[in-house]
Number of protein chains: 2
Amino acid sequence: MARQDLLTGLQSTGARMTRQRRAVLQVLQESDEHLDAAAVYDQVRARDPRISLATVYRTLALLKREGLVNEHRLGQSHAHFEAAPRSPHYHFSCLGCGRVIEFDAPEVARVVRRLAEEQGVRVRETHLSITGYCAACRSAQGLGEERCGSANG
Amino acid sequence: MARQDLLTGLQSTGARMTRQRRAVLQVLQESDEHLDAAAVYDQVRARDPRISLATVYRTLALLKREGLVNEHRLGQSHAHFEAAPRSPHYHFSCLGCGRVIEFDAPEVARVVRRLAEEQGVRVRETHLSITGYCAACRSAQGLGEERCGSANG
DNA sequence: TTACCTGCAAAGGGTTTGCACTTTG
DNA sequence: CAAAGTGCAAACCCTTTGCAGGTAA
């Protein structure tokens with residue numbers, strides 16, 4: 001899925017371009033996955049150990065503030081990040097293996113529009129997060145019946 | 001919105017009914033809001049101080065495991081809980097005042113069904129969480145332009 | 001040069017857990 | 001009575017912050 005160019009994006013905000021920030025940007029840009037702060041930290045240090053976890057957090061907060069990355073809570077207690085996609089998309093995450101499937105769903109935009117009209121709210125962000133078991137985990141573990149059809153936003 | 005009867009629900013799981021658990025169930029049942037663990041703790045203690053925060057967490061975890069309450073991450077760092085509604089619904093939460101608006105949106109069930117078919121996944125939970133500013137906060141603060149139309153699931 | 005950025009280590013908030021004691025069934 | 005549940009306090013994880021030193025522009 002096409003994502004923003006983070007380097008250009010950050011430069012245009014007037015923030016200084018440091019070695020550490022460049023490294024974080026590269027890792028996020030080149031990754032197709034949803035990385036948590038520790039994963040970003042590890043991947044940056046694999047190339048160049050001269051960065052601290054605090055700087056990773058500070059950089060992620062900066063990028064989020066500037067709208068260049070999105071933060072997700074994929075059912076876990078800690079946050080995951082990804083370079084902001086150009087077009088909206090949503091997430092399914094597998095409770096078995098942790099795999100994340102991204103998908104688009106134009107219906108959601110319609111729901112949001114209706115909400116904005118009926119309630120007079122201004123929408124900033126929309127997260128549709130579905131959890132369950134992916135096809136591989138279902139066949140591997142032969143899962144029995146779960147509470148299906150339950151939905152809660 | 002109609003919710004499950006927690007007391008009956010928990011009894012049917014075989015869990016023991018203690019004074020503390022009964023109090024937590026009552027608080028959740030009688031509340032229309034989305035309570036966090038601290039709020040449940042406070043409300044229970046207002047009636048009877050003989051409960052610890054640890055027990056509140058343990059009870060909430062139990063109820064969640066049994067599908068009697070749902071846990072939400074409404075954009076904040078900590079979790080909120082509510083007695084599981086009989087019918088699915090979703091949340092808008094205001095970044096200004098914290099107000100939560102519940103709403104239903106049948107389109108979402110369609111999205112979920114399509115995802116299940118196309119990807120072969122089994123769905124356990126669906127969260128649609130929209131953040132922004134409610135009508136009251138918009139008029140009170142006369143907010144300028146934000147990044148609108150951005151959607152990320 | 002100087003405002004901004006970093007590393008370190010400590011603090012912070014929310015949540016979980018080990019253990020000895022209490023209570024339910 | 002045995003198994004399950006509780007309180008306390010310490011531990012835990014993820015994240016943020018104060019401060020002294022470093023660095024981009």
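The chains referred to below are lettered A, B, ... by the order of the sequence lines, with proteins before strands, and numbering in each begins at 1.
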Name each donor-acceptor pair under 3.5 Å that joins a side chain in residues 36-44 of chain A to protein atoms two or more places apart or in another chain, with its distance.
| from | atom 1 | to | atom 2 | distance (Å) |
| --- | --- | --- | --- | --- |
| A:D36 | OD1 | A:A38 | N | 3.4 |
| A:D36 | OD1 | A:A39 | N | 2.8 |
| A:D36 | OD2 | A:H78 | NE2 | 3.1 |
| A:Y41 | OH | A:R45 | NH1 | 3.1 |

For the student: nearest non-hydrogen atoms of A:S93 and A:V100, plus distance
CB-CG2, 4.1 Å

Look at all strands and tell whether B:R19 reaches a base, only sugar-phosphate, or nothing, counting heavy atoms closer than 4.0 Å.
nothing

Of the residues in residues 22-30 of chain B, which ones touch DNA chain C at a heavy-atom distance under 4.0 Å?
none

Looking at A:R65 and A:E71, does any basic side-chain N land under 4.0 Å from a carboxylate oxygen?
no

Within a reach of under 6.0 Å around CD of B:E33, are more than 12 heavy atoms found that belong to other residues, nucleotides or ligands?
no

Donor + acceptor pair across side chains of B:H80, B:E82 (<3.5 Å)
no

Suppose the criterion is ring-ring contact (aromatic ring centres under 6.0 Å, His included): which pairs have a residue in residues 2-34 of chain A, not counting sequence neighbours?
A:H34-A:H72, A:H34-A:H91

Take the protein atom OH of B:Y57 and the nucleotide atom C1' of D:dT6, then report the distance between them rounded to whole Å.
17 Å

For residues 47-71 of chain A, pull every pair meeting ring-ring contact (aromatic ring centres under 6.0 Å, His included), keeping only residues two or more places apart or in separate chains.
none

If you check the A:A54 side chain, which of D:dT17, D:dT15, D:dA9 turns out closest?
D:dT17

Rounded interatomic separation in angstrom, taking CZ from A:R73 and P from D:dC14:
11 Å

Using atom CZ of A:R16 as one end and atom P of D:dG22 as the other, report the distance to the nearest whole Å.
16 Å

Distance in angstrom units between A:Q20 CD and D:dG21 P, rounded
18 Å

Measure the distance from CZ on A:R58 to P on D:dT15 and round it to the nearest whole Å.
15 Å

For B:Q11 and D:dA4, what is the distance between atoms CD and P respectively, to the nearest whole Å?
18 Å

Which residue lies toward the 5' end of DNA chain C, B:D36 or A:R50, if each is placed at its nearest nucleotide?
A:R50

Reading DNA chain C 5' to 3', which nucleotide is the first, and which the last, to come under 4.0 Å of any heavy atom in chain B?
C:dG14 to C:dG25

5'-most contact on DNA chain D (nearest-nucleotide basis), A:S77 vs B:R21, goes to B:R21

Over all atoms of both residues, closest heavy-atom pair of A:M17 and A:L7
CE-O, 4.3 Å

With a non-hydrogen cut-off below 4.0 angstrom, is B:A79 in contact with a base, only sugar-phosphate, or nothing?
sugar-phosphate

Taken to the nearest whole Å, NE2/A:H78 to C1'/D:dT16 is 17 Å

Calculate the interatomic distance between B:M17 atom CE and D:dT6 atom P; express it in whole Å.
10 Å

With sequence neighbours left out, write down each residue that passes side-chain hydrogen bond (donor to acceptor under 3.5 Å, both in side chains) with B:T13, or none if nothing qualifies.
none

